[in-house]
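This report concerns only the one structure given below.
Residue numbering restarts at 1 for every chain, and letters A, B, ... go by the order of the sequence lines. What you are looking at is a predicted structure, and each value in this text was computed from that prediction instead of being measured. What you see below is based on every heavy atom in this structure, not just the backbone, and it leaves out hydrogens, waters and symmetry mates.
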Protein chains: 4
Amino acid sequence: MQAKSDSGELTVTERARRTQIIAAAIETVAELGYSRATYRQIAARAGLSSTGLISYHFANRAELVTEVVRDVLARFGAFVVERLDEHETAPEQLRAFLTAQIDFSRGNRASMLALRRIQADTEITDSQTRTFAELVESDHAALAELLRQGIRRGEFRDFDPDAMALFVFALRDGVLSRLHDAAPAELDVIRQELATMIDLATRR
Amino acid sequence: MQAKSDSGELTVTERARRTQIIAAAIETVAELGYSRATYRQIAARAGLSSTGLISYHFANRAELVTEVVRDVLARFGAFVVERLDEHETAPEQLRAFLTAQIDFSRGNRASMLALRRIQADTEITDSQTRTFAELVESDHAALAELLRQGIRRGEFRDFDPDAMALFVFALRDGVLSRLHDAAPAELDVIRQELATMIDLATRR
Amino acid sequence: MQAKSDSGELTVTERARRTQIIAAAIETVAELGYSRATYRQIAARAGLSSTGLISYHFANRAELVTEVVRDVLARFGAFVVERLDEHETAPEQLRAFLTAQIDFSRGNRASMLALRRIQADTEITDSQTRTFAELVESDHAALAELLRQGIRRGEFRDFDPDAMALFVFALRDGVLSRLHDAAPAELDVIRQELATMIDLATRR
Amino acid sequence: MQAKSDSGELTVTERARRTQIIAAAIETVAELGYSRATYRQIAARAGLSSTGLISYHFANRAELVTEVVRDVLARFGAFVVERLDEHETAPEQLRAFLTAQIDFSRGNRASMLALRRIQADTEITDSQTRTFAELVESDHAALAELLRQGIRRGEFRDFDPDAMALFVFALRDGVLSRLHDAAPAELDVIRQELATMIDLATRR
DNA sequence: CATGAATGAGATTTCATTCAT
DNA sequence: AATGAATGAAATCTCATTCAT
């Protein structure tokens with residue numbers, strides 16, 4: 001960053017450019033994989049004439065990737081929370097939770113794919129990992145709390161809410177991985193079976 | 001490879017070196033992530049005098065990565081199959097299947113981590129993807145068949161075996177992802193809850 | 001080339017750099033021979049800070065070499081054509097043709113040497129060979145046509161124009177090969193004898 | 001060279017191996033071009049299991065190339081001299097000289113091609129160049145002497161023998177360059193025209 | 001703000017050569 | 001004599017980043 005003000009505040013134009021670059025980065029990572037998502041590719045997809053512009057708006061590659069992750073998770077979280085608020089009982093919310101995630105993923109394939117790829121490459125190493133882990137952690141905590149309430153209210157059987165939260169996320173990931181390869185008919189079966197399974201596993 | 005015979009047969013020394021390099025590559029990918037697993041890093045971990053030696057033994061990076069994948073999957077598969085053979089009924093085999101995978105992963109953390117990372121980077125792009133996808137596919141088919149038999153024999157309730165296979169793999173992956181971060185006590189809970197969950201989800 | 005526009009249009013600076021690199025490449029090939037004309041050597045002669053700059057301006061070595069060939073042949077062709085246009089009868093044009101080539105070669109020794117070396121290395125192998133062969137072919141066709149006209153007009157005896165074109169080019173190459181080693185006096189003799197020979201071989 | 005005696009004398013086996021390697025090198029350079037004629041390719045064509053064997057028999061690449069050149073020129077020279085000896089008058093010998101060279105080239109295409117390629121790459125630079133240049137020089141001198149005698153005896157007109165020798169070699173090279181691409185019919189025309197041309201250019 | 005150009009570090013790969021056996 | 005293995009230098013190419021304009 002060359003002549004950028006240190007105030008931390010971004011102008012409208014700046015924000016727009018960053019958004020545009022982030023979107024292009026998501027697209028690129030989803031399409032080519034993390035290791036092939038170079039500035040050149042990103043710039044091409046963003047319609048930028050110079051890779052220098054990316055460096056101008058992001059301190060370095062790590063910051064760009066962090067912003068990509070933040071962007072996807074923010075949109076994802078907002079979507080799910082909105083859906084959850086429409087329901088009252090814990091079983092309904094649990095079902096809504098899963099449905100929302102699958103729905104979001106269907107409409108944001110590239111984002112989810114990019115997220116997974118970045119996560120896999122980054123996992124342990126970086127400083128940004130912490131950000132990542134914390135976000136995952138807070139997601140987990142929220143679901144576990146939902147489950148805990150359901151147990152307390154007698155809406156679920158008495159299982160370990162942390163373990164179950166883990167399972168729910170795992171099942172979600174599994175379904176998501178099939179979301180785009182599977183035929184629609186197969187997908188309907190999977191969703192139905194998932195609902196049944198969750199019900200059997202959690203009901204009193 | 002300079003004047004290496006095209007016969008496809010490898011000498012003892014050669015095989016040993018390849019194994020050594022593959023092991024170092026696994027270690028490196030697990031430690032640094034796929035995109036940072038350069039020849040230089042791999043050579044350093046393998047105690048090699050030059051990165052040229054890696055090129056000498058593997059035609060290119062893709063071949064090395066393929067061999068890494070092949071190696072991990074072969075060891076993994078052998079381990080699981082041996083465990084399965086000790087059991088007769090489908091529910092027992094299903095439980096053994098999961099237990100075996102978790103056990104293997106505990107003893108081969110780097111291998112599993114490397115595998116996941118490579119898979120995430122590779123997914124769509126390469127020709128070697130096919131190998132990967134086929135192996136996953138055949139794993140899936142085997143588990144689905146196990147479940148199908150269990151249903152036929154009346155040992156399981158009547159669910160869709162393909163969907164359930166997907167769920168089982170998903171749960172496995174979820175558990176594996178916690179395997180090394182979680183405290184032992186928490187892990188015991190997870191395993192117990194997993195068994196319960198599977199039981200509830202599959203029993204008649 | 002990092003984020004270079006695909007439009008195929010080059011900026012002024014870019015064109016200048018390419019020209020500079022091409023000139024350095026010619027110099028290098030002429031001086032060291034094709035196989036020793038590495039990017040490092042070329043960069044050094046061009047006063048570039050890194051070999052990466054060559055890769056930045058040329059997609060790969062093949063493109064650079066192609067451009068070298070194109071550049072030399074373009075300058076060469078323009079020079080010769082201009083000279084030819086000054087003459088009317090076929091015998092005069094034939095003489096001018098040879099003279100022009102010899103004159104050009106005297107003032108562009110490195111270019112001609114580089115051309116010959118590249119041609120010798122490339123000959124059979126590459127895709128760019130076609131470009132090369134086509135250019136040689138069209139040169140040959142042009143000369144053969146000139147000779148054909150001369151025969152038709154009765155300015156030459158009745159020989160095979162394709163064979164004679166081949167001989168003329170061969171003689172040119174032979175003279176060129178002596179151009180820089182021979183003493184000026186010897187060269188004058190060679191030129192005089194060449195004129196005589198061509199005259200004897202072609203006149204009615 | 002590792003444990004080779006310094007006496008300069010070679011055992012029978014050694015000589016055979018060197019010959020075999022030289023032959024493979026000729027083949028390789030002719031086929032792939034000088035810059036792609038690596039030890040690996042040469043070893044493969046020689047049926048050797050290790051490139052080390054080439055290094056064992058030749059001090060370095062330069063020596064191998066020198067030996068290739070020496071081998072081709074020796075065979076070539078012997079062939080031509082034998083043909084020349086069958087003729088008496090200078091015009092006959094001149095014709096025989098050209099015919100012999102064309103004939104040799106037809107039966108030794110790879111050798112001639114390799115020679116040309118090595119010459120083009122080497123020309124100015126190397127120490128071995130001297131060897132090369134000297135050989136060419138002595139060929140030239142021999143032809144010039146033949147021509148000089150013909151003039152003295154009144155069998156040729158009065159031209160400069162050195163210049164004409166240069167032209168004869170140039171014409172030879174030109175014809176050789178067409179030798180393998182041209183159709184047989186075209187080649188017959190070329191030969192006939194060449195004879196005519198030489199005759200016109202040299203006769204009284 | 002944005003651009004084109006340049007930079008230099010670093011990646012993979014190839015090569016002739018060396019060496020122990 | 002010959003072989004397989006190893007070596008390390010060097011080659012081409014790619015990349016994120018910097019900088020002058």
Side-chain angles (χ1 to χ4, degrees), chain A residues 1-4 11 13-14 17 35-43 48-62 64, chain B residues 1-5 10-14 16-17 35-43 48-62 64, chain C residues 1-5 10-14 16-17 35-43 48-62 64, chain D residues 1-4 11 13-14 17 35-43 48-62 64:
Chain A
M1 281 179 295
Q2 207 169 3
K4 203 175 303 173
T11 68
T13 318
E14 247 172 351
R17 267 275 184 267
S35 68
R36 284 166 295 279
T38 66
Y39 274 25
R40 173 134 81 119
Q41 293 289 344
I42 295 170
L48 303 178
S49 54
S50 163
T51 61
L53 197 55
I54 302 177
S55 289
Y56 179 77
H57 283 285
F58 297 89
N60 50 37
R61 204 168 193 282
L64 171 58
Chain B
M1 281 180 293
Q2 202 155 313
K4 207 174 297 174
S5 73
L10 305 177
T11 66
V12 176
T13 317
E14 214 169 4
R17 263 275 183 266
S35 69
R36 282 166 297 278
T38 66
Y39 274 23
R40 199 216 281 237
Q41 292 290 343
I42 296 170
L48 304 179
S49 56
S50 101
T51 62
L53 198 54
I54 302 177
S55 290
Y56 178 78
H57 284 285
F58 297 88
N60 48 40
R61 206 166 194 283
L64 172 57
Chain C
M1 281 180 293
Q2 201 155 313
K4 207 174 296 175
S5 72
L10 304 178
T11 67
V12 176
T13 318
E14 213 168 4
R17 264 274 183 267
S35 68
R36 283 166 296 278
T38 67
Y39 275 22
R40 199 216 283 235
Q41 292 290 344
I42 296 170
L48 304 179
S49 56
S50 99
T51 62
L53 198 55
I54 301 177
S55 290
Y56 178 78
H57 285 284
F58 297 87
N60 49 41
R61 205 168 195 283
L64 172 57
Chain D
M1 280 180 293
Q2 206 168 4
K4 201 175 306 174
T11 68
T13 317
E14 246 171 353
R17 267 274 184 267
S35 69
R36 283 166 296 279
T38 66
Y39 273 26
R40 172 135 81 120
Q41 292 290 344
I42 296 170
L48 304 178
S49 53
S50 163
T51 61
L53 196 55
I54 302 176
S55 289
Y56 179 78
H57 284 286
F58 297 88
N60 50 38
R61 204 169 193 280
L64 172 58

(request) Please list, chain by chain and in numerical order, all residues satisfying side-chain contact (heavy atoms from CB on, under 4.5 Å) with B/Arg40, sequence neighbours excluded. (result) B/Thr38, B/Thr51
(message) Looking only at the side chain of B/Thr11 (C-beta and beyond, no hydrogens), which of the listed nucleotides E/dA6, F/dA5, F/dA2 gets closest?
(response) F/dA5
(request) Figure out the CZ/P separation between B/Arg36 and F/dC15, and round it to whole Å. (result) 16 Å
Dump the pairs, protein N or O against N or O of nucleotides 9-11 of chain E, anything under 3.5 Å, distances to one decimal.
from   : atom 1 : to      : atom 2 : distance (Å)
E/dA11 : OP2    : B/Arg40 : NE     : 3.2

(request) Rounded off to whole Å, could you give me the OH-to-C1' distance for the A/Tyr56 and E/dA2 pair? (result) 8 Å
(message) How close do C/Arg36 and C/Gln41 get, counting heavy atoms only, and between which atoms?
(response) O-CG, 3.8 Å
(request) Fill in the dot-bracket string of DNA chain E, one character per base: . for unpaired, | for a pair to another strand, ( ) or [ ] for pairs within the strand, taking Watson-Crick or G-U pairs under 3.5 Å. (result) .||||||||||||||||||||
(message) My understanding is that only residues two or more places apart in sequence, or in another chain, count here; which of them pass side-chain contact (heavy atoms from CB on, under 4.5 Å) with B/Ser49?
(response) none
(request) From the options E/dT7, F/dT7, F/dA2, select the nucleotide whose nearest atom is closest to the side chain of D/Leu53. (result) F/dA2
(message) Using heavy-atom distances to pick each residue's nearest nucleotide on DNA chain E, tell me which of A/Arg17 and C/Thr13 is more 5'.
(response) A/Arg17
(message) Without decimals, in angstroms, what is the distance between C/Leu48 CG and E/dA6 C1'?
(response) 10 Å
(message) Please report the distance, rounded to the nearest Å, between CZ in A/Phe58 and C1' in F/dT18.
(response) 18 Å
(message) Counting only side-chain nitrogens and oxygens, does C/His57 get under 4.0 Å of the OP1 or OP2 atom of E/dA5?
(response) no
(request) Could you tell me the separation between the CD1 atom of A/Ile54 and the C1' atom of E/dC1, rounded to a whole number of Å? (result) 15 Å
(request) Take B/Ala37 and D/Ser35, find for each the nucleotide of DNA chain E with the closest heavy atom, and name the residue whose nucleotide sits nearer the 5' end. (result) B/Ala37
(message) Which heavy atom of A/Asn60 sits nearest to which heavy atom of A/Tyr39, and what is that distance?
(response) C-OH, 3.5 Å
(request) Grab the CG-P distance between A/Leu64 and F/dC15 for me, whole Å please. (result) 15 Å
(message) So if I take every side-chain heavy atom of D/Ser55 and compare against E/dT17, F/dT17, E/dG4, which nucleotide ends up nearest?
(response) E/dT17
(message) Without decimals, in angstroms, what is the distance between D/Ile42 CD1 and E/dC15 P?
(response) 11 Å
(request) Could I get the full list of side-chain contact (heavy atoms from CB on, under 4.5 Å) partners for C/Ser50, not counting sequence neighbours? (result) none
(message) Nearest 0.5 angstrom please: D/Tyr56 OH to D/Glu14 CD, how far?
(response) 6.0 Å
